[in-house]
Trainee: 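Encoded as structure tokens, here's the structure I'll be asking about.
Lettering of chains follows the sequences in order, A, B, ..., and the numbering in each one begins at 1.
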Protein chains: 2
Amino acid sequence: MPDLLGGPKRGPGRPSEGVRDSILDAALALLSESGLARLTTRQVASRAGVSEASVFYHFGDKVGLLQAVVLAGLEPLKQLEPATLTGAADRPLADSLSEITSAMDSFFDRALPVVEAINGDADLRAAFAERLLERDLGPHRGVQLVDRYLTGMKELGMVETTADTHATALLIVGACFLRSWQRHLMGNDPGPELPGLTETAHAVAQLLAPRTAD
Amino acid sequence: MPDLLGGPKRGPGRPSEGVRDSILDAALALLSESGLARLTTRQVASRAGVSEASVFYHFGDKVGLLQAVVLAGLEPLKQLEPATLTGAADRPLADSLSEITSAMDSFFDRALPVVEAINGDADLRAAFAERLLERDLGPHRGVQLVDRYLTGMKELGMVETTADTHATALLIVGACFLRSWQRHLMGNDPGPELPGLTETAHAVAQLLAPRTAD
DNA sequence: GTCTATAGGTTGATAGAC
DNA sequence: GTCTATCAACCTATAGAC
């Protein structure tokens, strides 16, 4: 590849393996900022600084490219996996919840652009959904995660024993998701705002507080 | 240029103008089942049983058509407006909440296909968002609605006075939204399920119950 | 592995008859 | 108002040189 003049940033900060990754990055960027409907192999190649033929060489066809992009866009999910989510008895519930909601928030922010773009094509969406299924990914994982955390806190006596942790987990994840989704939809001008993350976390903490000896 | 939403008023009862509506219906259907990326003026015309030229005659260009479709797809929002949401003191909180969540659920189910399709194109999304802004529509409206309901219930003594109704409303709407969104994404094969609507409604009702005299 | 050049098909949009 | 016929532009994908 002839990157003679101050070519592709391949310095210390970008250990990019070459053309293949450039194409992936370009596709990811275009997908996020222009949407699926405007994504053409030509534009991807142009943005990546490579020829269009290279796109087909590396990914077979356009669908192959998009699937690869989706997988790349799914990466941030791994950062949501940590088992560090087990609560501690000496921290206020609201603090832990704030951290959790904050982590989910930034995860959604990164994942939504890709997922929403994929959502524009029925076939791609189906392929994507299948991929999620076989990896056992999807929104339910976030709910599971929070559910497990809440159950742990319940055993520590920091959550009302009669509380439905599973449903509560859905409430929490749903709130984060809706906030992210609205931000994604509204772009620059957020319009009327929804309740903040910390406010919501505190509200949940209060609702979940044990009812013993009020 | 043809008017977008207001009817053509062709004659007293406006029974005519079959073509325009056929086009709108066809576009709406195609958008829902195949996504934006696969929506071509040719397919719309074919499905509507009219010529392609008619599409351009009525809507100017493709963007005009899509904007009209979005407006049409936004219609179901009006069904979520009713002020009948004021709670009664003689009904269990869980029952009212189940009704509310159920209504939101079916609203999202109808609105999501269009909104998600629009989401696939950055320009359309921006135009759509602007439209939402000037009409003061969007997710925050649902939150407002539920918030108002909860506040009413609080005044009736059926909800704990210290509860944050605004944040709680976000939790409820978010849960409904996430459930709908997952269903939309996963299609036929829902995969691992999230907590059900009624279960969630009951959980919220329990969390919100007044703490007096336990 | 990457390029240039191009084939073959689709798209959005227009012109003009009726 | 609706149609048929058509165009120029664009798209995906392939062939072949290097």
Trainee: Have a look at B:S51 and say if it touches a base, only the backbone sugar-phosphate, or nothing, with a 4.0 Å heavy-atom cut-off.
Mentor: base
Trainee: Where is the tightest heavy-atom contact between B:A27 and B:L39, given as atom of each residue plus distance?
Mentor: O-CD1, 3.9 Å
Trainee: Which whole-number value in Å describes the distance from A:I23 CD1 to D:dA13 P?
Mentor: 14 Å
Trainee: What heavy-atom pair brings B:L185 and A:R125 nearest, and what distance separates the two atoms?
Mentor: O-CG, 3.6 Å
Trainee: Looking at B:R179 and B:E193, is there a salt bridge between them, counting it only when a charged N and a carboxylate O are closer than 4.0 Å?
Mentor: no
Trainee: Flag the pair B:R141 and B:D147 as a salt bridge only when some basic side-chain nitrogen lies within less than 4.0 angstrom of an acidic carboxylate oxygen.
Mentor: no
Trainee: Which nucleotide, C:dT2, C:dA15, D:dA15, lies nearest any side-chain atom of A:S54?
Mentor: C:dT2
Trainee: Let me know which of A:V146, A:I100, A:L178 forms a side-chain contact (heavy atoms from CB on, under 4.5 Å) with A:V173.
Mentor: A:V146
Trainee: How would you summarise protein contacts on nucleotides 7-13 of chain C per nucleotide, using B for base, S for sugar-phosphate only and - for none, with heavy-atom distances below 4.0 Å?
Mentor: ----BBB
Trainee: Compare all side-chain heavy atoms of B:L197 with those of B:S98 and state whether any distance is below 4.5 angstrom.
Mentor: no
Trainee: Roughly, in whole Å, what's the span from OH in A:Y57 to P in D:dA13?
Mentor: 17 Å
